[in-house]
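What follows is a set of notes on a single structure, which appears directly below.
What you see below is based on every heavy atom in this structure, not just the backbone, and it leaves out hydrogens, waters and symmetry mates.
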Amino acid sequence: MIVLSCNEIYKSFGIESILENISFTISSGDKIGLVGSNGAGKSTLFKIITGIYPYDKGELYLSKNITLGYLEQNSTFDSSHTIFEEVVKVFHHLIDMEEELRNLEIQISKESTSSESLNKLMDLYAHKSEEFQNKNGYGYKSEIRGVLKGLGFLEDEFEMPIHHLSGGQKTRVALAKLLLKKPNILLLDEPTNHLDMDAIEWLEAFLKSYKGSIILISHDRYFLDQVVEKIYEIENRNLTPYTGNYSFYVKRKKENYEQQKKAYLSQQKEIQKQEEIIRRFKQHGTEKLAKRAKSREKRLDHVSLLEKPIYLEEKAKIHFETQIKSGEDVLFVENLSKSFDQNQLFKNVTFSIYRGERVALIGPNGIGKSTLFKMLLEKISYEEGLIKLGHNVYIGYFDQEQSDLNISNKIIDEIWEENTSFTQTQIRTILGSFLFQGEDVFKEISTLSGGEKSRVSLLKLMLSKANFLLIDEPTNHLDIASKEALEEALISYDGTLLIISHDRYFLNQVATKILVLSSDGVEEYLGNYEYYHEKKNESIEYNQEKEYQKTKTQLKDEKKKEKEKQKEEKKIKKEQESLEANILFIEEEIKQLEIQMCKEEIYTNPEESKKIHEKTSDLKKELEILYEKWEYYLE
């Protein structure tokens, strides 16, 4: 069933056209990746679908009773709420139903046991209770906890006020709310930003099993590979669909480019050939040849010219090379420990890196990966252990915060200051290869985007000629084309790499060894990210199998305990039912006595009145004891 369709949608801002002739359909259950360079119009299309932006012309169809959920890159919240209070608002309808059920319970307790109104209330209560259960009324709080934990929040963080959260934490809260709403169509704009690898893997599993449709904007190519089944690419204001995941799209796009290039060159060759024939016919000047030349010109005028194909996007030309070859042993780390005050970050960290290795350092957020880098650079001290660099090892460092950049410098000066032997022409040529062309080279560093700053830092690293590169989150802020250029450069680099990255596609392409940092040390895997992931899953499965491999005696004991447990539960239930019946009986007795007290022949007779009052008082005391017991069963 088609849930959304766009037909020839056009959108412009002022005189600048952003989207042209955008046509596509989304069916129920489709999982689609929306890709394109920065500024291509991906987020604009999302805002058109959600109604935030109007479109200039075309048609947009949304099926009846379809709900849309949109994760923007910036969200707003009630800052007075805690994380849990903000997220639980998603289930306000269940909270209202729960309150309604409690009110019905109070009304039922006040009714006479044999009254018609009690039967009506009981029927209503049964209907509402069933509806509440079917809508997961008894499990929504567990569902909230599961999603928050999956997205990386700890249980003791649930009560943190929103105003204490970082921007990244707020994004995770917004994502949690959206996932719990379960809209028919999920529009996710960069959902993996601010998530560590465990949280991203959890989100992948969640989205894979999601029953609704998903349209996903992401620069995380590995994430796209795992989740989507189609790719919609926006390029040159138009949308092209591809069936398959991201890797299939890249392969097919290259194939399409080669076919288009071949067809274009073939047509150009044929046009040149015809133009040469026409020129020769005209040159001879005879009437017969002139007519033939005119005939060929007419045919040529009616040829539908093919546009020259543009290969993907313009990439930065990145090339790293060493000036001096290092020794075979590049880095040796033994029993390294680091604490901040009383908080132990990690201990017993031991590993070695050898010349030519491309090593990825991974681990959860906050475990100390960047701290370890700064210890290797002697910017931070450590309590115990050993760090030893090999012979002729010269370190180059890429900082994800770009703290090495002088923000008051112009781009050209930032590069020239450390490469004074270069001429201005050489500097401008190098900057041009990093996509800083013309007057762009005179932009101040402070005015640059995150991606532009990353490219400046990468260029400085490239020119350093270091033979051991420490690179911290190099793909943050880079578009896909720049990531691919960086991957190619690092794969062909003749030195040694130690990389921190959450970009699993990047790690899969570049890394030859994975180091997993934890609070208790380092685990080593000799392969790329895919290899590490496979081995990690094997280990989890093995531990699960081991856990479930039990002896016959264990199983027999467990079965016996289960039977005893069921017997005990049955006994408790019987006692509870007996207690509830007793409570109802005494409540009815008290009610009848109170009715008698209102009769004239009773309240005018002091002796009879006293007798009924004492009996009522005794029953109320007994009822109070029964209520205390009943509360015990409810806990």
Side-chain angles (χ1 to χ4, degrees), residues 316-334 336 338 349-361 368-382 385-406 409 413-422 426-427 430-431 433-434 453-476 485-501 506-507 510-515 517 522 524:
K317 295 176 179 64
I318 306 172
H319 178 69
F320 296 99
E321 61 180 26
T322 60
Q323 206 165 32
I324 299 170
K325 193 174 182 179
S326 73
E328 182 65 26
D329 299 324
V330 173
L331 175 66
F332 176 69
V333 174
E334 185 177 35
L336 203 62
K338 179 62 187 172
V349 170
T350 299
F351 62 90
S352 297
I353 295 177
Y354 304 99
R355 188 179 66 227
E357 284 189 320
R358 301 194 295 271
V359 182
L361 180 67
K369 301 184 294 292
S370 296
T371 300
L372 179 56
F373 265 25
K374 286 170 184 172
M375 288 159 70
L376 298 178
L377 293 162
E378 298 182 350
K379 292 182 178 181
I380 292 180
S381 62
Y382 47 94
L386 174 67
I387 295 174
K388 186 180 177 184
L389 286 177
H391 181 63
N392 278 342
V393 172
Y394 298 96
I395 294 178
Y397 176 49
F398 176 90
D399 177 9
Q400 63 169 312
E401 304 296 333
Q402 283 101 38
S403 57
D404 64 321
L405 299 179
N406 183 345
N409 263 350
D413 296 327
E414 185 67 20
I415 302 302
W416 215 344
E417 279 179 2
E418 293 181 19
N419 299 276
T420 52
S421 62
F422 288 4
Q426 286 175 311
I427 292 287
I430 292 165
L431 284 168
S433 71
F434 268 63
K453 285 178 182 174
S454 290
R455 279 190 273 128
V456 174
S457 288
L458 284 170
L459 177 52
K460 288 179 71 176
L461 188 64
M462 184 189 90
L463 295 171
S464 72
K465 305 281 185 167
N467 55 25
F468 182 31
L469 303 183
L470 304 186
I471 306 180
D472 191 353
E473 297 292 359
T475 60
N476 283 2
L486 178 60
E487 284 162 5
E488 290 167 11
L490 293 177
I491 289 166
S492 61
Y493 176 56
D494 60 344
T496 308
L497 300 172
L498 181 56
I499 305 166
I500 297 170
S501 180
F506 172 81
L507 293 179
V510 174
T512 57
K513 184 160 86 178
I514 305 286
L515 298 177
L517 181 64
V522 160
E524 183 176 285

Side chain of [X], backbone of [Y]: donor and acceptor closer than 3.5 Å?
{"X": "Ser501", "Y": "Glu473", "result": "no"}
{"X": "Asp494", "Y": "Thr322", "result": "yes"}
{"X": "Ser492", "Y": "Ala489", "result": "yes"}
{"X": "Asp404", "Y": "Ser457", "result": "no"}
{"X": "Asn467", "Y": "Ile324", "result": "yes"}

Heavy atoms, side chains only, cut-off 4.5 Å: are [X] and [Y] in contact?
{"X": "Asp399", "Y": "Phe373", "answer": "no"}
{"X": "Tyr397", "Y": "Lys374", "answer": "yes"}
{"X": "Leu469", "Y": "Thr496", "answer": "no"}
{"X": "Val333", "Y": "Leu376", "answer": "yes"}
{"X": "Asn419", "Y": "Ile430", "answer": "no"}

Step through the shown structure and confirm whether more than 12 heavy atoms of other residues, nucleotides or ligands are within 6.0 Å of NZ on Lys453. yes
For Glu378, does the CD atom have more than 12 heavy-atom neighbours from other residues, nucleotides or ligands under 6.0 Å away? no
Using every non-hydrogen atom in the two residues, find where [X] and [Y] come nearest and quote the distance to one decimal.
{"X": "Ser370", "Y": "Ile500", "value": "N-CD1, 3.7 Å"}
{"X": "Ile387", "Y": "Met375", "value": "CD1-O, 3.9 Å"}
{"X": "Phe468", "Y": "Leu497", "value": "CE1-C, 4.3 Å"}
{"X": "Val330", "Y": "Val393", "value": "O-CG2, 3.7 Å"}
{"X": "Tyr382", "Y": "Leu336", "value": "CD1-CD1, 3.4 Å"}
{"X": "Ala466", "Y": "Tyr493", "value": "O-OH, 2.6 Å"}

Which is it for Thr512 and Val359 under the side-chain contact (heavy atoms from CB on, under 4.5 Å) test, yes or no, and what are the steps along the way? CA-CA 6 Å; Thr512 57; Val359 182; 5.5 Å; no
CA sep, side-chain torsions, deciding dist, call: Lys460, Ile415, side-chain contact (heavy atoms from CB on, under 4.5 Å): CA-CA 6 Å; Lys460 288 179 71 176; Ile415 302 302; 3.6 Å; yes
Could you measure the distance from the [atom1] atom of [X] to the [atom2] atom of [Y]? Nearest 0.5 Å is fine.
{"X": "Asp329", "Y": "Arg355", "atom1": "CG", "atom2": "CZ", "value": "9.5 Å"}
{"X": "Ser403", "Y": "Asp472", "atom1": "OG", "atom2": "CG", "value": "10.0 Å"}
{"X": "Leu486", "Y": "Ile318", "atom1": "CG", "atom2": "CD1", "value": "5.0 Å"}
{"X": "Phe398", "Y": "Ser464", "atom1": "CZ", "atom2": "OG", "value": "12.5 Å"}
{"X": "Lys513", "Y": "Ile353", "atom1": "NZ", "atom2": "CD1", "value": "6.0 Å"}
{"X": "Glu321", "Y": "Leu463", "atom1": "CD", "atom2": "CG", "value": "9.5 Å"}

Report the C-alpha separation of Ser381 and Lys338 in whole Å, then their side-chain angles, then the decisive distance to 0.1 Å, and conclude whether the side-chain contact (heavy atoms from CB on, under 4.5 Å) test is met. CA-CA 8 Å; Ser381 62; Lys338 179 62 187 172; 4.1 Å; yes
Go through it in stages, so that I can follow the logic: the residues are Met462 and Phe434, the test is side-chain contact (heavy atoms from CB on, under 4.5 Å), and I'd like the CA-CA distance, side-chain angles, deciding distance and then a yes or no. CA-CA 11 Å; Met462 184 189 90; Phe434 268 63; 3.8 Å; yes
